[in-house]
Each structure stands twice: as structure tokens, then as C-alpha cells.
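These notes concern the structure reproduced below.
Each ligand, and each atom within it, is numbered from 1 in the order the structure gives.
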Amino acid sequence: MEIIHLSAECYPVAKAGGLGDVVGALPKYQCKAGHIAKVVMPMYHKSFVWQHELVNEYESDFEMGSIRFHFRIMKEKFNALGFDLYLVDIPGLFDREGIYSYDDDDRRFLGFQIAFLEWVRQWQHRPDIVHCHDHHTALVPFLMQYAYRYQHLATIKTVLTVHNGLYQGWMSWESAALLPEYDQWKSGLVEFCNAVNPLASAIRCAHAVTTVSLSYLEELMDHAAGLEILFRSFHYKCYGILNGIDTEVWNPETDKYLSFHYNGKNVDEMKLKSKTEICRLFELDSNKPLFVFIGRAVAEKGADLLPTAISKALSNTKGACSFLVLGSGDKEVEAQLGSLKTYLEGLYNCYIGYSEELSHKMYAAADFLLMPSRVEPCGLNQMYALRYGTIPIVRSVGGLKDTIVDFGENGGFGLRFLHSSAEDIASACCRAAELYYDYRESFQLIRQRMMAIDHSWEKSCSQYIELYQSL
Ligand code: ADP
Ligand code: GLC
């Protein structure tokens, strides 16, 4: 089959979170399984672009509102990622370094989708599947069916993957005038509460909708930031397919960022070396269990609860733990996490920012990974942690519920708690500290058990292929 993935992120070209990891891996495994998978994404001004040879595949113009944009489709020449990568260069929209958070994001991603359709409309053949990821690409299924210029693409099957239903790409209803001319009788398909809602339009128009875990799909029926009704009405075409992890990138035996490589046999010794290295750097005590948080510093991830939870956990354990946080996001949460350092010197430290290298080092060095998410559609961190022998402590929600079994249960290997509250997080940390200090053998056994769990992409990859074939 020929599958085109459309996405705003793809690791290592541009990544802000798990979306990048997924789109950087799934197509590679689809190609390995004998399919033709391609990724089309915006050409941001990132180092990848200068470091790789790109060839001009196509160029043309399109109109958005009253403005004409010139665009080029640039193909990465040497298949560096294990699949064909196409970058859409649109001066005026993407000639900036950042991925998101510009005032004109709605226009930027609309322009990206129009350029893609302008390119595909003149292809001599049709791909089997256009697979759209999140709201930045979610107008494509509607446009392929109801915009006059692209209606001959309507027979191509479309799939939407909802990585995070909280972000829907809302635009004022006036922005509908920016869309390529479409059948006005169908305008109800892009509209939601008097606004243009790209995610809603794709839930209605895509041939299939997937979420990145089964539990998340169930949760969306009741909590989908207004779109519950759509997830219920279109349930018949919705599927939960759990993400996998790229075991080539996330492998403690070969990870390019690690100073100490390891496997199940030498995990205890090598993790201790990694912990000592990190603790020295962040002035923490490596004789204590190291708890880390890696992620976006936003309420969705429960990051705002960390300062109180960490203080409580430290007071309850009489300072017997070390905490390290890596994250960026909400400025207020960042400030709270930053100022905690002055109160908890030697016990807690943080790096406010984004660092791929530090994240890998932290997965390797830590004893426990904290994920107190309020919402977690899938979550990749806990799966990386499992592979790196770091026990995940997670709130029972979404994909965390589907991947982590509490060690109190038969065959369990992580810690789960129910509520997104500082109290629940703190008591889970105390339970973890007890496991670390008083039940050393169980602690080591759990590590072995976790590291043997297989979350590689093969299984999920074949679920996607089965879904495409069913369409
Ligand atoms: P989300 O996509 O919601 O942020 P995921 O768990 O799916 O959550 O994926 C997060 C990804 O982003 C992981 O690869 C994680 O290591 C990475 N990550 C998040 N924050 C940072 C950061 N500040 N520095 C480095 N990597 C980060
Ligand atoms: C989103 C979700 C996260 C998921 C990721 C990849 O960012 O918040 O839970 O793992 O997408 O699908």
C-alpha cells in the first residue's frame, strides 16, 4: 500500500513531543513491513534542513484569502529516515525556526494543507491512504471531498489520528473564507459552535479515526473539550491503536546520548553510574532513589502539582529521595518549578527547557519516572522508562492505564495512583521509596520484568495496516 502521513512534526526533523516520535517511527516500520510510507511536513528553518541534501520535487503557487503563496516540495535525497520525507517550503509561513506558537498558526497550517493538496492533485497516480495527524492536518479529509479543486481525490481513503483531542485548531468562522472554494451545502461539516473546527471536520469526514490508546478513546466519549458528541456519533469508525516506540532510537545498549550503555544483565551497575553522573551535574545525592519528570510543563501533564507533591514526598520520607525535573511550557509552572530549587537545595533540581540529550540521560539514570498526567492519550515516556529499567509511577488514565500494571498486582511492574492530586503523587513516591530501600530484590526483579516488555512498533504497525486494508 502507499500511505502518505501528513504531520506538523517528525523526529528528528522537528519534534515538540510524542507526535514527532510517532511520525518519525511508524512510517519506518510500515516500510519495513513492505509498504510505501511517506511523510509530508512543513519545512521549518531547522538544522535538519541544512544538514541534509534536499531536491526540488515540485513547485507552484496557491491562493489563501487574497494572498498568493509560492511553495516548493523538497524531498530528502538519501532516505535518511528509512522512508521518503517531503518538506513543504512556503516562504512567509514556515521560514521560521519554531514549530508552533505563532499568531498566524492557523494560516500556516492551512497553507501547508493547501500546498499538499495542490501537489497531490496533479499526481499521475493515487496513493491508497492519506493519514492525517492531529488538527494541523485535519482539514484535508473535508477538502478532498468537498473543495471543487480536489474532488477528484475524494476516492482516496483518509485516516485521522487524534494524538490529543484538547487541541482542535479552532478558527473564527470568518477564516472559512480562506479555505479553497468548497460546496457551501457542506459547510456544516467544518463548523462547530460558530467556528471552523478542523479536528471536528476530520472526525466527521475521515474514513476512519484512530486514537493512540483504547482507554483514551473511551475517555473521549465523556471528555473531549466539547467534541464528545462527535466521538459518540462516529464511534463506529473510531479505533484505539496504542503507539509503539522506536526501539532503534530508544535502546539503552546503543543510545548515542548515553555515557554508560546497558542491558538486562548489567542494568543495576550501569544505571548507578548514569545516576552518579547526572546527580553530580545537578548536585543531588546519588545514594538516594532518583525520581524524574520529563515532559511539557503544563497542567495536562500534572506538572503544576509537582512542587507541592515533591515537597510532601520529601517531608514524608525525611528527605530520602532525589528529584530532577526536565520540562518547559507554561511560564507560571516553569517559574514554580524553578523557584522550588532554592527551598530544596540538594534534594531537588530542574532544567527548564528542551533537551533531547538530557532526556535520554535521565531515562537511563533514574530509578523512577513520574507521570501524574490529568490527560494522557497514550504517553511514550512510560514506555521509554520501561525499556530503560526505570519504574514508571503513573496516574491511572488513558494510555498510562493501558500500559502500566501496578507492582502490587500479579506480574505488575509499575506504580499506579488514582487522582491527580499532590497527596496521591506524594504517597506513590513514598511507596516507591519503600520498594527501593526495603524490598531491594523485588525492585531489581521489577526492573528485569519491565525491560523484557516489548512495545516495539511491529504490533501497532500491523493494526494500522489492517485498518487501511479494511477501508
Ligand atoms: P506529549 O506528546 O503529550 O508531550 P509523550 O509522552 O507522547 O507526551 O511524548 C513526549 C516526548 O517528548 C518524549 O519523547 C519526551 O522524552 C519528550 N520531551 C518532552 N519534554 C521534553 C523536554 N523538555 N526535553 C526533552 N524531551 C522532552
Ligand atoms: C500527544 C499525547 C501523548 C501521545 C502523543 C503521541 O502529544 O499527549 O499522550 O503519546 O501525542 O501519540
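Taking any N or O of G379, backbone or side chain, none lies under 3.5 Å from an N or O belonging to ligand 1. Between V212 and ligand 2, a contact under 3.5 Å exists for no N or O pair. The shortest N/O to N/O separation between L380 and ligand 1 falls below 3.5 Å.
Note on ligand 1: Y363 sits in its first shell, one or more heavy atoms being nearer than 4.0 Å. Under a 4.0 Å heavy-atom criterion, G399 is not in contact with ligand 2.
Residue-level proximity to ligand 1 for H163 is absent, since no heavy atom of it falls below 4.0 angstrom. With a 4.0 Å cut-off on non-hydrogen atoms, E300 does not touch ligand 1 at all. Contacts of V22 with ligand 2, taken as heavy-atom pairs under 4.0 Å, involve the side chain alone. At a heavy-atom cutoff of 4.0 Å, ligand 1 is contacted by both the backbone and the side chain of N381. The part of S355 lying near ligand 1 is the backbone, judged by heavy-atom distances below 4.0 Å. Neither the backbone nor the side chain of D21 has any atom closer than 4.0 Å to an atom of ligand 2 (non-hydrogen atoms only).
Using a 4.0 Å cut-off between charged nitrogen and carboxylate oxygen, E376 and K401 do not count as a salt-bridge pair. Between D255 and R387 there is no salt bridge, since none of the side-chain N atoms of the basic residue sits less than 4.0 Å from a carboxylate O of the acidic one.
Ring to ring, Y100 and H136 are close: their centroids are under 6.0 angstrom apart.
Remark: R108 fails to qualify as a cation-pi partner of Y102 under the 6.0 Å distance and 45° angle criteria applied to the six-membered ring.
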